[in-house]
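Remember, it's a predicted structure, so these values are computed and weren't measured experimentally. By convention in this document, chain letters (A, B, ...) are assigned in the order of the sequence lines, proteins followed by strands, and residues within each chain are numbered from 1.
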Amino acid sequence: MDVRRPSAHAIEHYRSALLLSLPALVGLAIFWYWPTIQAVILGFQDYNLMSGSQAWTGLENYRTAATDPLLGLTFLNTVIYFLMEVPLQMALALALALLVRRGPAWLRTVILVPTVTSMVVVSVIWGLMYHPNSGLINSLLGGVGVPPQPFLTSSQQAMPSIALLMIWKNVGFSMLFFLAGLVSIPRNYYEAAATDGANSRQLFRYITLPLLRGTVVFLLITNTVTAFKVFTPIFLITEGGPINATRVVVLYIFENAFRFNKMGYAAAISVLLALFLLVISVYSLRASRAR
Amino acid sequence: MINNDSNLPTLMYSRIVGRRSDRLTGPRQRSWAVLRLPVVIGVAFFFVFPYLWLVGSSFRPREEIFRYVNPISWRTFVPLAPTLDNFRHLFFERNFGRALANSLVIALVTVAITLFIGSMIAFALARIKFPGREVVFVLILATILIPFETIMVSVFLTIQRLGLFDTYAALFLPWVTDAFIIFLLRQHFRDIPDELQDAAIVDGCSLFRVYWNVMLPNIRPALVSAAFVKFVFSWDAFLWPLIVTRDPDLTVVQLAISRLFTDQNVLWELIFAGAFIGTVPLIILFLFLQRYYVEGVVTSGFN
């Protein structure tokens, strides 16, 4: 049994814990909690960075948001991007995980290299690869007889092109989590099912997939959040064009805050985006637990 | 975040990498055996060809840059008259050395501070029982739910009010408290057997001594994982430096590369060379530290 006297010992522990936690907590307070509160406050204000003028405007920013057709379009574009990127990326990641598990070890290394390549470099290089006349992709397509495509210069092809480069960059992350999920499935499940006469398709359908559910939910949430944060490739390559076809939410926040000097409106959009992502995350978690 | 199995982090790598296939037999498997090599090669090519083009083109002279792209052949990827002119131009005319040095210093400082204050609080959360511990942990994890992009406007205003706009401090201070890193290190501290801590305390060690002399050396692999993941993150920073710096002397490497691309007069060979400088050192580092990277990513859920 514990014979320590609680008082002196516990107090010393408490003080040590406090001192050890303090630097991190101060950092979080200044750079996460306070900005979060401030973003909410700012959403109710008209804030001009140049003049420093700051005035309460109540729900004005949110009223503007409700009737801003461009904002609606940016949300729609972001959802379209999400639908192009996330399902395909996750399906590909699972396929690659299954392949890598049975394939050579260097293949996994190759698939992971884009995840340690910076977003700027990936954007810039793919931006050049997509070039209609001098780009590598059209010459690859030409090699198999496909006529040259406009890619980023076409409002139909711009968003799928961005989604493809993001899949290329991010699929390694998702693959790693699928690999981790796959190795945590006990091997005797497969052996038992195989002795009962299950074929490999049944093994996948009735053992692998159900046991990867936790991984799928986790990846769905993180990939969704990542998708709704997309900024760099679009900022660098298409700048939202052609004709707003790739204007996404974070780009619109950036432009409002740092180009149009509408800090309050930018904050209001940020709050809407944060709430939207929060609702999606909580809902996915709930839905996955309910079943 | 994703796994409560406390042994998982340390075992993860060997389990992901290890174990060759338990090969089943049957008609599907036999047809797969035939298909496998082409599929593996196809997948590898999909992930590698942009790098082949990037590396080859960065050593190409200006007048050769577009010549062999179409039709595609081995010449598309191999420079026929390799030159270092592009790199020379970047370092002597575009001050790339400065950008590289800035990014390197910022990344090292970020990593050092992140690991120091992150490991302290992770140790407290994992090894000290104190009232409110769960609350603190939830508060830290809550920051994961708020993407930086949704608070960048107010973080920017905070930096400005602190008088840190356009300073080195602005480039790393917001990033040194990292919930993913804290979570990762906490998981590893929890795996250390209690006897180690108890013995040290019986010997008269203070909790700080236990943290510094006993616990930190025991989670060295996790520290390497955290350091590398954070280094990559810091090296990649683009949106934040774009917002918070104006001074050309504070340009970080990603900004420098992006400016080659958004310049009025786009010079492809310089973009390739800039991308090469910004990428290849990190890839080489990754090849050496791959196991730590995999562990760090999978354990923390860093994305």
ask   = Heavy-atom distance under 4.5 Å between the side chains of A:V121 and B:F276, does that happen here?
value = no
inquiry  = How long is the straight-line distance from CG of A:L273 back to CD1 of B:I146, given to the nearest 0.5 Å?
reply    = 12.0 Å
task = Taking the six-membered ring for Trp and the single ring otherwise, decide whether the centroids of B:W240 and A:F254 are under 6.0 Å apart.
result = no
remark   = Heaviest contributor of heavy-atom pairs below 4.5 Å to chain B, chosen from A:S16, A:A267, A:S123, is A:S16
key: Close side-chain approach of B:R161 and A:Q38, heavy atoms under 4.5 Å   = yes
inquiry  = Return the OG1 to CG distance between B:T150 and A:L278, rounded to the nearest 0.5 Å.
reply    = 9.5 Å
ask   = Atom CG in B:L207, atom CG in A:L20: separation rounded to 0.5 Å?
value = 7.5 Å
message = At a 4.5 Å cut-off on heavy atoms, which part of A:V110 comes close to chain B: side chain, backbone, both, or neither?
response = both
query = Can you name the closest pair of heavy atoms from A:I253 and B:M152 and give their distance?
reply = CG2-CE, 3.8 Å
Portion of B:L287 that has a non-hydrogen atom of chain A nearer than 4.5 angstrom = side chain
query = Where do B:A275 and A:I125 come nearest, in terms of heavy atoms and distance?
reply = CB-CD1, 4.0 Å
Region of A:L128 that comes under 4.5 Å of a non-hydrogen atom in chain B = both
message = Could you measure the distance from the OG atom of A:S21 to the CZ atom of B:R133? Nearest 0.5 Å is fine.
response = 10.5 Å
Chain A contact via B:L162 - side chain, backbone, both or neither, heavy atoms under 4.5 Å = side chain
ask   = Minimum heavy-atom separation for B:P174 to A:W32, with atom names?
value = O-NE1, 4.3 Å
note = With chain A, the option among B:T76, B:I140, B:V253, B:V48 that has the most non-hydrogen atom pairs under 4.5 Å is B:I140
Top contributor to chain B contacts, counting heavy-atom pairs under 4.5 Å, from A:P114, A:S281, A:A274, A:G181 = A:P114
ask   = Relative to chain A, which of B:I117, B:I159, B:V176 shows the most heavy atom pairs under 4.5 Å?
value = B:I117
request  = Using non-hydrogen atoms and a 4.5 Å limit, figure out which bit of B:F77 sits close to chain A: side chain, backbone, both or neither.
outcome  = side chain
key: Heavy-atom check, side chain of B:I151 versus side chain of A:S270, under 4.5 Å   = no
key: Contact winner vs chain A - B:P147, B:P50, B:A124, heavy-atom pairs under 4.5 Å   = B:P50
task = Let me know if A:V26 has heavy atoms under 4.5 Å from chain B in its side chain, its backbone, both or neither.
result = neither
Selection from B:F46, B:F47, B:F272 maximising heavy-atom pairs under 4.5 Å formed with chain A = B:F47
remark   = Rounded to the nearest 0.5 Å, the OG atom of B:S206 sits from the CD atom of A:E12 at a distance of 7.5 Å
task = Look at atom CD of A:Q202 and say whether more than 12 heavy atoms of other residues, nucleotides or ligands are closer to it than 6.0 Å.
result = yes
Side-chain heavy-atom pair A:N133, B:F66 within 4.5 angstrom cut-off = no
query = Just how far is it from atom CZ of B:F45 to atom CG of A:L140, taken to the nearest 0.5 Å?
reply = 5.0 Å
ask   = Mind checking whether A:I111 and B:V43 have side chains closer than 4.5 Å, heavy atoms only?
value = yes
message = If I measure from the heavy atoms of chain B, does A:I30 come under 4.5 Å with its side chain, its backbone, both, or neither?
response = both
Nearest heavy atoms of B:V297 and A:F177, plus distance in Å = O-CZ, 3.4 Å
request  = Measure distances from B:S258 to the heavy atoms of chain A and classify the residue's part below 4.5 Å as side chain, backbone, both or neither.
outcome  = both
key: Where A:L112 and B:F286 come nearest, the two heavy atoms and their spacing   = CB-CZ, 3.6 Å
query = B:I243 versus chain A, heavy atoms under 4.5 Å apart: side chain, backbone, both or neither?
reply = side chain
request  = Please assess A:R108 against B:Q290 for the test side-chain contact (heavy atoms from CB on, under 4.5 Å), listing each intermediate value before the final yes or no.
outcome  = CA-CA 10 Å; A:R108 190 199 40 156; B:Q290 189 178 170; 2.9 Å; yes
request  = Please state whether the side chain, the backbone, both or neither of A:L136 comes within less than 4.5 Å of a heavy atom of chain B.
outcome  = both
note = One option among A:V225, A:V100, A:V250 has the most heavy-atom pairs under 4.5 Å with chain B, and it is A:V250
request  = Using non-hydrogen atoms and a 4.5 Å limit, figure out which bit of A:T115 sits close to chain B: side chain, backbone, both or neither.
outcome  = both
note = Turns out that what part of B:V136 lies under 4.5 Å from chain A's heavy atoms comes down to side chain
Test item: A:L236 and B:F238 side chains (from C-beta on) under 4.5 Å apart, heavy atoms = yes
note = Pair count under 4.5 Å, heavy atoms only, with chain B: among A:G135, A:G127, A:S134, highest is A:S134
key: When B:I182, B:V232, B:V280, B:T158 are compared by non-hydrogen pairs under 4.5 Å with chain A, the top option   = B:T158
message = To check you understand the geometry: which heavy-atom pair defines the closest contact between A:R102 and B:R36, and what is its length?
response = O-NH1, 3.7 Å
ask   = Out of B:I257, B:V252, B:D236, B:L255, which one pairs with A:V120 under the side-chain contact (heavy atoms from CB on, under 4.5 Å) rule?
value = B:I257
message = At a 4.5 Å cut-off on heavy atoms, which part of A:L42 comes close to chain B: side chain, backbone, both, or neither?
response = side chain
ask   = Is any side-chain heavy atom of A:P104 less than 4.5 Å from a side-chain heavy atom of B:V40?
value = yes
task = Would you check if the side chain of A:Y33 reaches a backbone N or O of B:T143 as a donor-acceptor pair within less than 3.5 Å?
result = no
request  = Report yes if the side chains of B:F148 and A:K229 come closer than 4.5 Å at any heavy-atom pair, otherwise no.
outcome  = no
task = Please flag which part of A:L107 lies under 4.5 Å from any non-hydrogen atom of chain B: side chain, backbone, both or neither.
result = side chain
inquiry  = As a quick check of understanding, evaluate ring-ring contact (aromatic ring centres under 6.0 Å, His included) for A:W168 and B:Y51, giving each step before the final call.
reply    = CA-CA 12 Å; A:W168 181 85; B:Y51 295 100; 5.6 Å; yes
ask   = Relative to the ring of B:W268, is the ring of A:H131 parallel (under 30°), tilted (30 to 60°) or perpendicular (over 60°)?
value = perpendicular
